[in-house]
There are 2 protein chains.
Amino acid sequence: MVLKLDKVNRGPHLSTLVASSISREIAEGRLKPGDQLPTEQALAQTFGVSRNVVREAIARLRSEGRIWSQQGRGAFVTDATNTTVLTIDYDALQQANAFRSLFELRGILEVEAASLAAKRRTESDIAAMHEALDIMTGAPYGSVMWLKTDLEFHRTVAAATGNPYMVQFLTFVSERVRDSILAAGNQQRSDDMASITLGEHRRILEAIEAGNPEEAQAAMQDHLAGAAHRVGLPDIKPD
Amino acid sequence: MVLKLDKVNRGPHLSTLVASSISREIAEGRLKPGDQLPTEQALAQTFGVSRNVVREAIARLRSEGRIWSQQGRGAFVTDATNTTVLTIDYDALQQANAFRSLFELRGILEVEAASLAAKRRTESDIAAMHEALDIMTGAPYGSVMWLKTDLEFHRTVAAATGNPYMVQFLTFVSERVRDSILAAGNQQRSDDMASITLGEHRRILEAIEAGNPEEAQAAMQDHLAGAAHRVGLPDIKPD
DNA sequence: GAAGCCAGAGTTGTATGATAACCATGCAAC
DNA sequence: GTTGCATGGTTATCATACAACTCTGGCTTC
């Protein structure tokens, strides 16, 4: 039997609620950049929690770059654009348009990564890619292991560019895309998909190994077009 | 007389230090996914701070998706791939190689954004780009206003792609690049740089306005090559 | 022997009060 | 006008206590 349980809504921590609440105030413009937040004591009182909880919320917002605080002065909303972290809202991604946009961004990076990888790959890069592809070949299509090594293969391609930020960004984007696909659960499965997908991967690997950027780029492009189709995203590149 | 004083290094909050320390333990593998963290009391003791500070640090790590915690059990390291935020370490960026990598990533996104913008721009996109360019024309080269509108121009180009994530990622990367340039302070300044830079921008805008993706792409490519040269990054595209 | 119950220790979540460090302001003294 | 100082307000940190929860081990009951 397969249980499909929602994650237990173990009441999120109070600090999380407070942080979200303040975050919303900022997002919706009731707190503008430069504005001073109410004092911790005042916030504690209005939310009905201890000052401690408020401080945990503020620590979180500070780490996200949304506010800054100074001892003896207070806490202030930062100049909007200066967040030090990049986040992707999970709920927003459930909308088709948002998902399509993220998929497009991923494609841009993947295609360019494949091209760069073909130019710069080292022996150990090639070996890592082969290994990932081998494991994938032995895994059942759609299984956890399959998805994991699929990501791993793409990660090795990104790594072959020699650009650590390429790896970081691509991994981040790909994971969000994967999560969204899993959540939607509209993956089509059929037996020949495994061999098709594997074939696409193999073509990418061969092009990179051969040091052919244009072919690697084209192979990745085709692979992504195929992937888009498999998750029900037609015409990702109509223009 | 002009004083050149560094901002006093007002020590970052203790909770920040604790969070960084734990973060490093995770990043360097001494704490593996699934591992349980020491108890809050133990952490407080080893760091020599109050439990309160430890909790603020943990609240922060939790919001970043690096750990999760449950009342009565403890705090655990999450399965690496589940971080919900993407961060770029400021110090690491001071190294030339890292900076070059980030600059390259920015270039990839910018070039593709210019191409997409040429295909999809709307009237209001064009207007916004013109406005940014106008303000830039009136600002002194290298001034805060100049830098601000420079970023703003690129943001309008990204916005014209219609892809919100493109805007988000490009803005994020560009700001980190800008911060790093400002920190290094090795900007060369000369009078004709203003007109050169403006000319490059104008060429991009014209190509986008004309709906010519290839020319937009090429113009952006040249602009970035010029920018790389101006910040002392030669041969960004030698391969 | 197995299942269920219960108490206790350990841990996180939250509340509360106190102290130190720091900032802004106004006023007195010079 | 400037300096120095006192004062009130705020954040940063500490310390302690209690509530809520989990786990474990022993006990009871069958």
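Chain identifiers are assigned alphabetically (A, B, ...) following the order of the sequence lines, protein sequences preceding nucleic acid strands; residue numbering begins at 1 within each chain.
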Below 4.0 Å: OP1/OP2 of [N] and any side-chain N or O of [X]:
X: A:Q70; N: C:dC23; result: yes
X: A:R55; N: D:dT11; result: no
X: B:S50; N: D:dC14; result: yes
X: A:Q71; N: C:dC23; result: no
X: B:R51; N: D:dC14; result: no
X: B:S69; N: C:dG13; result: yes

What is the distance, to the nearest angstrom, from the [atom1] atom on [X] to the [atom2] atom on [N]?
X: B:L43; N: C:dG10; atom1: CG; atom2: C1'; answer: 15 Å
X: A:W68; N: D:dT10; atom1: CH2; atom2: P; answer: 16 Å
X: B:E40; N: D:dA15; atom1: CD; atom2: C1'; answer: 15 Å
X: A:L61; N: D:dT11; atom1: CG; atom2: C1'; answer: 16 Å
X: A:Q45; N: C:dT14; atom1: CD; atom2: P; answer: 19 Å
X: A:Q36; N: C:dA24; atom1: CD; atom2: P; answer: 10 Å
X: B:E56; N: D:dT13; atom1: CD; atom2: P; answer: 7 Å
X: B:H13; N: D:dT11; atom1: NE2; atom2: C1'; answer: 8 Å

On DNA chain C, more 5' by nearest nucleotide between A:R73 and A:V49 is A:V49

>> Which is more 5' along DNA chain C, the nucleotide nearest B:Q41 or the one nearest B:N52? Just name the residue.
In response: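 Final value for this comparison: B:Q41.
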
Quiz item: Is there a side-chain contact between B:M220 and B:H154 (heavy atoms, below 4.5 Å)?
Solution: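 A side-chain contact under 4.5 Å exists here.
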
Starting from the C-alpha separation in whole Å, work towards a yes-or-no answer on salt bridge (Lys or Arg N to Asp or Glu O under 4.0 Å) for A:E64 and A:R60. CA-CA 6 Å; A:E64 291 175 0; A:R60 174 173 170 169; 3.6 Å; yes

- Query: Taking for each residue the nucleotide of DNA chain D with the nearest heavy atom, is it B:G72 or A:P38 whose nucleotide lies nearer the 5' end?
  - Reply: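 On the 5' side of the pair lies A:P38.
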
Practice item. Could you tell me whether A:E152 and A:R155 have a side-chain N and a carboxylate O separated by less than 4.0 Å? Key: yes

Side-chain atoms of A:T39 come closest, of D:dT13, D:dT10, C:dA15, to D:dT10

Exercise for review: Establish, for the pair A:R106 and A:F103, whether the NZ or CZ atom is under 6.0 angstrom from the six-membered ring centre and no further than 45 degrees off its axis.
Suggested key: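 Yes; both conditions hold, so A:R106 lies above the ring face of A:F103.
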
Which is true for B:I58 with a 4.0 Å heavy-atom rule: it touches a base, it touches only sugar-phosphate, or it touches nothing?
nothing

In terms of heavy-atom contacts, A:P33 and A:T78 come closest through CB-O, 3.4 Å

